[in-house]
Amino acid sequence: MKSALREQILTILAAIPSGRVTTYGRIAAMTEGGTPRLVARALRDLPKGHGLPWFRVITASRKLADHPGAAEQRDRLAAEGVMLDARGRAPTERLWP
DNA sequence: AGCGTGACTACCA
DNA sequence: ATGGTAGCCACGC
C-alpha cells in the first residue's frame with residue numbers, strides 16, 4: 001500500500017485550479033509532516049499517464065524546478081495562461097493559496 | 001546500519 | 001539581486 005502522505009499530496013495536487021500554480025513548500029505545509037523533498041519525490045515517481053497537473057507545481061522562488069520535464073511544464077503553463085516573465089518567474093497573483 | 005542523492009528551502013555574504 | 005551553503009528527509013544500494 002502507498003503512504004497516506006503521498007495520497008494526500010496527490011489529492012492536493014489534483015485540487016489546484018487551472019491557470020494557477022503553487023509551490024512544493026506550500027503543498028508540503030498543507031499535509032501532515034510533509035516536506036518539499038517529499039513532494040518533489042512524489043511527483044517524480046508519478047506514472048506517465050496519471051492525468052494529474054504536476055506542471056502546476058513550482059519552486060518557492062516561483063521558478064520552474066530543475067527537472068527533465070521543465071520545458072514541457074513551461075508550455076503547459078503557458079497554455080493555461082500562466083506566462084513566465086523574462087527571468088522565468090511566475091506572477092504572484094497566479095499562486096494558489 | 002551507513003552513505004550518497006535529489007523536480008527543495010532558508011539563510012547569508 | 002545573485003550565488004554558495006547548510007539543513008532536511010525518504011529511498012536505494
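In what follows, chains carry the letters A, B, and so on, assigned in the order in which the sequence lines appear, proteins first and then strands, with residues in each chain numbered from 1. Remember, predicted model here, so these are calculated numbers, not experimental data. Computation of the quantities below employed the complete heavy-atom set of this structure, encompassing side-chain atoms and omitting hydrogens, waters and symmetry-equivalent molecules.
When rounded to the nearest whole Å, the span between CD1 of A:I9 and C1' of C:dC9 equals 12 Å.
Among residues two or more places apart in sequence or in another chain, the side chain to side chain contact (heavy atoms under 4.5 Å, CB included) test is passed with A:T23 by A:R26, A:I58, A:L95. For A:D75, there are no salt bridge (Lys or Arg N to Asp or Glu O under 4.0 Å) partners, not counting sequence neighbours. Applying the salt bridge (Lys or Arg N to Asp or Glu O under 4.0 Å) rule to A:R94 yields no partners; only residues at least two apart in sequence or on another chain are considered. A:P68 is linked by a side chain to side chain contact (heavy atoms under 4.5 Å, CB included) to nothing, counting only residues two or more places apart in sequence or in another chain. For the salt bridge (Lys or Arg N to Asp or Glu O under 4.0 Å) test, no residue two or more places apart in sequence or in another chain qualifies with A:R44. For A:R89, there are no side chain to side chain donor-acceptor pair (under 3.5 Å) partners two or more places apart in sequence or in a different chain. Partners of A:L84 by side chain to side chain contact (heavy atoms under 4.5 Å, CB included), not counting sequence neighbours, listed by chain and number: A:L64, A:R74, A:A90.
For C:dC9 and B:dC11, the P atoms lie 15 Å apart once the distance is rounded to whole Å.
Heavy-atom minimum distance, A:P36 versus A:G25: CG-CA, 4.0 Å. Nearest heavy-atom pair, A:Q73 versus A:F55, reported as atom, atom and distance to 0.1 Å: NE2-O, 2.8 Å. The minimum heavy-atom distance between A:Y24 and A:A65, with the atom names listed, is OH-CB, 3.4 Å. Across all their heavy atoms, A:G33 and A:L38 have their closest contact at O-CD1, 4.4 Å. Counting all heavy atoms, side chain and backbone alike, A:P53 lies closest to A:A14 at CD-CA, 4.1 Å.
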Please encode protein proximity along nucleotides 8-13 of chain B as a string of B, S and -, counting only heavy-atom distances under 4.0 Å. BSS---
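For the segment residues 77-86 of chain A, the set of residues with a heavy atom within less than 4.0 Å of an atom of DNA chain C is empty.
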Please list each protein N or O that sits under 3.5 Å from an N or O in nucleotides 1-3 of chain C, with the distance.
none

Provide a list of protein-nucleic acid N or O atom pairs under 3.5 angstrom, restricted to nucleotides 1-4 of chain B.
none

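A:L38 comes within 4.0 angstrom of the backbone, heavy atoms only, and of no base.
The side-chain hydrogen bond (donor to acceptor under 3.5 Å, both in side chains) pairs that include a residue from residues 53-62 of chain A are A:R56-A:E80, A:T59-A:S61, where partners are two or more places apart or lie in different chains.
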